2 protein chains.
Amino acid sequence: MSDKAQSLGISVFHEIKRDILMATLPPRQKLGLKMLSDRYNCGTSPIREALNQLTVEGWVQRIDKRGFFVADASAVDFGDILQNRCLLEGEALRRSIAQGDSRWEEHVVVAHFRMSALDRDADDKPGAVVSAWEVAHRNFHQALISACGSRILLENCARLYELNIRYRVLARGKSRVVRNVLHEHDEIKALTLKRDTEGAVDALVRHYMATGEFLFPKT
Amino acid sequence: MSDKAQSLGISVFHEIKRDILMATLPPRQKLGLKMLSDRYNCGTSPIREALNQLTVEGWVQRIDKRGFFVADASAVDFGDILQNRCLLEGEALRRSIAQGDSRWEEHVVVAHFRMSALDRDADDKPGAVVSAWEVAHRNFHQALISACGSRILLENCARLYELNIRYRVLARGKSRVVRNVLHEHDEIKALTLKRDTEGAVDALVRHYMATGEFLFPKT
DNA sequence: GCGAAGAAAATAATCGACAATCCTTCGGAT
DNA sequence: ATCCGAAGGATTGTCGATTATTTTCTTCGC
């Protein structure tokens, strides 16, 4: 069994992050310590521990001596996240293509295959399959850039990836544009493995910007 | 008077950061809670508060149930910081040049002037002047990119800037290469105001990479 | 009826103590 | 001599209570 004995502060950190990400805790929601310690069945110390970290990562806003709040969500913030993702993941992909070896290629192929397998079953999708797809999707994008050689770059990409998910969740149901995400992923994978650097980066950027159009379509 | 009544956790956060930055707390140093609460005259709660945030920002490494340590310093990590600074500040400068108005130009001119004024006095430099120069130097680089329009980008640049300082401090005295930092700053400023985008970005990148050569010269 | 001042309630920040976990040391067996 | 394991000590993580601050509510004066 997995070592369940991790600190309460750390596990509650992930729980709160998930709840903000899933918008169970909506933007601007006041995060009172008592309310949270009831919700997550622990004292206030682990709660503060988690909240402090979430503040630095951008999930929570803190106002000194006045409490914690779920970070506000806005079209401007979303656009900012998208632009920074394009910049960082674009560069990370360039470096991966330049430096990646055959083990990296395999990693990309496998991650893409696993995601595609879940895509096929996605028509009749129970919640379990959806969250499995989320994991596979994350793994695919992570695999693409995994050979970039920069720890800092990878960490920033991971952080922005997660921050981005919340907007997908918040905009659920508001979608009008029809997209072929499968094809976009296929294209990115193909160009990457062909080592067509600028083609792959371009496809990746279009992929992200299309997400933006998808969630906040310009009427 | 400024409201000195900020939370202990927040002020101790800045104190510890400064001490790590100045290498008063050296890399890999064990950060025991008792030791720290003695050092900064407070209970363990504010200490943990600060340590949690510093962990996310990359100053401190945490090992669950085993304590906190000052983040390790290595040539690899330093190079990673430098590369990411070039990427992020380069892009931020591009956007600033594209979008900056005349108020931004003034901001850059003033920040540069103030830094230059301190440069002149730097020959006979007591500690106070040095730290004043640090502030002015930071302000200058911040001014350059201040019109980039991306909060996230600015935050990441600020974070990397600070992480970089520690390496300057750690390498103090080991310098052999002679540099003309004044000239480099002048060049960056001039090209920026001339709106020579790629020239300015190139000068900025060379400025940073020269720092790398300066601190870790390839023998 | 409206706004300011003060009291009361609520909540954030901090502390000190306890419990859980890890590290060290010491002794014994192979 | 070296490795393993148990007892002891030290340290982290968590809790409940205390203190400081903010927010809300009430009252008073205009």
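Chain letters run A, B, ... following the sequence lines, proteins first and then strands; every chain starts at 1. If you're wondering where the values come from, they're calculated on a predicted model, not measured in any experiment.
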Parallel, tilted or perpendicular, as decided by the 30° and 60° cut-offs, for the rings of A/Y161 and A/H141: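 Ring orientation, 0 to 90° scale: tilted.
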Aromatic ring pairing A/H185/A/W133, orientation class (parallel under 30°, perpendicular over 60°, tilted between):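 It falls in the tilted class, 30° to 60°.
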Checking contacts here: which listed nucleotide ([options]) is nearest the side-chain heavy atoms of [X]?
X     : options                : answer
B/K65 : D/dC15, C/dC15, C/dC22 : C/dC22
B/K30 : D/dC15, D/dT12, C/dT14 : D/dT12
B/L8  : C/dC15, C/dA12, D/dT14 : C/dC15

Tell me: [atom1] of [X] to [atom2] of [N], nearest whole Å?
X     : N      : atom1 : atom2 : result
A/K34 : D/dA17 : NZ    : P     : 12 Å
A/Q61 : C/dA12 : CD    : C1'   : 16 Å
B/F69 : D/dT12 : CZ    : C1'   : 11 Å
B/Q6  : C/dA13 : CD    : P     : 12 Å
A/L31 : C/dT11 : CG    : C1'   : 14 Å
B/I10 : D/dT21 : CD1   : P     : 13 Å
A/Y40 : D/dG13 : OH    : P     : 21 Å
A/F68 : C/dA10 : CZ    : P     : 21 Å

Point-to-point distance, once rounded to the nearest 0.5 Å, from CD of B/E155 to CD of B/E57: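 It is 9.5 Å, given to the nearest 0.5 Å.
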Point-to-point distance, once rounded to the nearest 0.5 Å, from CE of B/M209 to OG1 of B/T211: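 The CE atom of B/M209 sits 9.5 Å away from the OG1 atom of B/T211.
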[N] phosphate, OP1 or OP2: any side-chain N/O from [X] under 4.0 angstrom?
X     : N      : value
B/R66 : D/dT12 : no
A/R48 : C/dA13 : yes
A/R62 : C/dA13 : yes

First of A/C42 and A/D64 reached from the 5' end of DNA chain D, by closest nucleotide: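 Its nearest nucleotide being more 5', the pick is A/C42.
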salt_bridge(A/E49, B/R48) N-O dist < 4.0 Å: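 The answer is yes: the pair qualifies as a salt bridge.
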